[in-house]
Amino acid sequence: QVQLVESGGGLVQAGGSLRLSCAASGRTLSTYFIAWFRQAPGKEREFVAAINWGGADSYYADSVKGRFTTSRDNAKNTGYLQMNSLKPEDTAVYYCATTRYIALATMTSTSQYEYWGPGTQVTVSS
């Protein structure tokens, strides 16, 4: 199995930046697709970003495109989410998730992922 732990969350003012990390253990992450989701109070968990197995392609929700960047360092068995120009509406618990196999057409669905981290809180103040 794969264990995931997110880190890097915190409180930041609007317009600021945070970098989230997703550290994996138990298996080598290089063969796993990595996605980021977030869930705000009273709302459904929503897709944020994803990066493919080799890191050549990345995907973003319209709400974060142009502000967030996802990357991976397979040598460190870690995925990253760089968040810039943060807005109060970005406030949520952020989760990373991985799976060995996935169809890109279904990558925004939470049900497609085998492993999840416990989440890290991101709070953006006005």
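When a residue number appears, it is its place in the shown sequence, counting from 1. Worth knowing before you read on, the calculation uses all heavy atoms, side chains too, and leaves out hydrogens, waters and symmetry mates. Being a predicted model, the structure only gives us computed values, none of them experimental.
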_For a side-chain contact (heavy atoms from CB on, under 4.5 Å) check, start with the C-alpha distance between Y113 and T98, then their side-chain angles and the critical distance, and finish with the verdict._
CA-CA 6 Å; Y113 294 87; T98 67; 5.6 Å; no
*Under the criterion side-chain contact (heavy atoms from CB on, under 4.5 Å), which of D90, L86, V124 is the partner of L18?*
L86
*Before giving the answer on side-chain contact (heavy atoms from CB on, under 4.5 Å), spell out for Y80 and R19 the whole-Å C-alpha distance, their side-chain angles and the decisive distance to 0.1 Å.*
CA-CA 7 Å; Y80 302 96; R19 189 193 194 196; 3.6 Å; yes
*Beyond-backbone contact of Y32 with N74, side-chain heavy atoms, under 4.5 angstrom*: no
*F37 and W116 aromatic centres sub-6.0 Å*: yes
*Side-chain donor/acceptor of E6 to backbone N/O of C96, under 3.5 Å*: yes
*Can you tell me how far CD of Q112 sits from CG of L104, rounded to the nearest 0.5 angstrom?*
11.5 Å
*More than 12 heavy atoms of other groups within 6.0 Å of R67 CZ*: yes
_Stacked cation flag R38 on Y95, 6.0 angstrom / 45 deg_ = no
*Run the numbers on W36 and L20 for side-chain contact (heavy atoms from CB on, under 4.5 Å), then give the verdict.*
CA-CA 10 Å; W36 292 88; L20 305 184; 3.8 Å; yes
_Is it the case that over 12 heavy atoms from other parts of the model lie below 6.0 angstrom from the CD atom of E44?_
no
_Donor-acceptor under 3.5 Å (S21 side chain, A23 main chain)_ = no
